[in-house]
2 protein chains.
Amino acid sequence: MSTRRALTRNQALVLDTLTACDEPLSAYAILDRLRGEGVRAPLQVYRALDKLVETGLVHRLDSLKAFVACSHPHEHDGAAVVAFAICENCARVWEFSDSKIEDRFAAWAEAESFLTKATTIEISGLCVSCRKAAEATEGAKTAV
Amino acid sequence: MSTRRALTRNQALVLDTLTACDEPLSAYAILDRLRGEGVRAPLQVYRALDKLVETGLVHRLDSLKAFVACSHPHEHDGAAVVAFAICENCARVWEFSDSKIEDRFAAWAEAESFLTKATTIEISGLCVSCRKAAEATEGAKTAV
DNA sequence: CAAACTCTGTAATGATATAACATCGGAGTT
DNA sequence: AACTCCGATGTTATATCATTACAGAGTTTG
Ligand SMILES: [Zn+2]
Ligand SMILES: [Zn+2]
Ligand SMILES: [Zn+2]
Ligand SMILES: [Zn+2]
């Protein structure tokens, strides 16, 4: 057993950086934060990210070209389809899954005989706090 | 009325290129195919793509960093959530939508007070023909 | 020890996307 | 026609994201 291999130094550094940050970071942003730790080249970061993504500890958000630490590791080990809601104002990310949605995708794939290997779902918009802030500003503007 | 503006020369060239191609193309691949028509710089392609994506005639597939002509324009004018199934072998794309899936996303957003602005769904896997081809090869391998 | 393997470091390069600036040309006005 | 406005265009340079290629260091395993 024990597919749960310990992290290498670079992997741990990258994961810690992402975990400490409440918004997604690009590979080069991670690199910048790790120069003090002796990380010098993009490839060192990309290699660590590859492994972390592979093991599910980190997710890549295609729409942002950025990476984020999984907010609930161990829960969606492998199979589950996860959706990401990304606030375009504060950049925070909410991760959720929904078995009904999974079922519908599975039904479509079944009907088309499509063999699904990966599903990417990214929703962009405004989180509740940014939304309220925006509405307040908007309200003030129209009121005056 | 008539938000249905005619396409400019560059926009028409780019759209024609994508429509004539049965797989997604990167911006630079489009550029290469249009050099004969006098298109010389990436920006000319990106500008045309921006407009085409904005009007819904073209979609960008984040997971491929590539663009594809909409397979049924005018149908999903604006609102609808569209999912793309992409064959990782032949690169062809199937575009579909499902109101039940939309409802579930809307329900999540409602519960979280998240204001959705865009939803990206990309499924990668094997289309029916590539899947059958792969299974045939696999079968032959194990049989012999 | 040596083979096989994995992780590492470094340099160079490739691929994707945008910034900045000058210019062109049609639409509406005078 | 001359003037102005505004969006599209062309060009160069640059920013950002990601990979290839190669060599070395450390570990298991036989
Ligand atoms: Zn996760
Ligand atoms: Zn927010
Ligand atoms: Zn479409
Ligand atoms: Zn296929």
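Every chain is numbered from 1, with letters handed out A, B, ... down the list of sequences.
The shortest heavy-atom contact between Arg92(B) and Asp22(B) is CG-O, 3.4 Å. Contact between Ala85(A) and Trp108(B) at its shortest, heavy atoms only, is CB-CH2, 3.4 Å. When every heavy atom of Glu95(B) is checked against every heavy atom of Val82(B), the shortest pair comes out as CG-CG1, 3.2 Å. Between Glu122(B) and Leu64(B), the shortest heavy-atom distance links the atoms OE1-N, 4.4 Å.
The CG-C1' distance, from Leu13(A) to dC7(C), rounds to 14 Å in whole Å. Taking atom CZ on Arg35(A) and atom P on dG9(C), their separation rounds to 14 Å, with Å as the unit. Rounded to whole Å, atom P of dT18(C) lies 7 Å from atom CG of Asp50(B). In this entry the distance linking CG of Leu31(B) with C1' of dT16(C) reads 12 Å, nearest Å. Spacing between atom CG of Leu7(B) and atom C1' of dG7(D) amounts to 15 Å, rounded to whole angstrom units. Between the CD1 atom of Ile30(B) and the P atom of dA15(C) there is a distance of 16 Å, given to the nearest Å. Separating the CG atom of Leu64(B) from the P atom of dT16(C) is a distance of 11 Å, rounded to the nearest angstrom. Rounding to whole angstrom units, CG of residue Asp32(A) and C1' of dT16(D) are separated by 12 Å.
Between Phe84(A) and His59(A), the ring center distance clears the sub-6.0 Å criterion.
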Worksheet entry | Verdict with supporting geometry, Asp32(B) and Arg35(B), salt bridge (Lys or Arg N to Asp or Glu O under 4.0 Å) | CA-CA 6 Å; Asp32(B) 285 341; Arg35(B) 289 196 194 278; 3.4 Å; yes
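Heavy-atom distances to DNA chain D give each of Asn10(B) and Lys65(B) a nearest nucleotide, and the one nearer the 5′ end belongs to Asn10(B).
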Pairs of donor and acceptor atoms involving the side chains of residues 42-53 of chain A, under 3.5 Å and at least two apart or interchain, shall be tabulated with distances.
from     : atom 1 : to       : atom 2 : distance (Å)
Gln44(A) : OE1    : Arg40(A) : N      : 2.9
Gln44(A) : OE1    : Ala41(A) : N      : 2.8

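Inter-residue side-chain proximity for Ile101(A) and Lys100(B) is flagged as unmet; no heavy-atom pair is nearer than 4.5 Å. You'll find the side chain of Leu61(A) stays beyond 4.5 Å of the side chain of Asp62(B), heavy atoms only.
Taken residue by residue, residues 21-29 of chain B places heavy atoms nearer than 4.0 Å to DNA chain C at Ser26(B), Tyr28(B). Residues of residues 36-47 of chain A that place a heavy atom closer than 4.0 Å to DNA chain C, in numerical order, are Arg40(A), Ala41(A), Leu43(A), Gln44(A), Arg47(A).
At least one side-chain nitrogen or oxygen of Thr8(B) sits closer than 4.0 Å to the OP1 or OP2 atom of dT9(D). Contact annotation: Lys51(B) does not reach the phosphate of dG7(D) (side-chain N/O to OP1 or OP2, under 4.0 Å).
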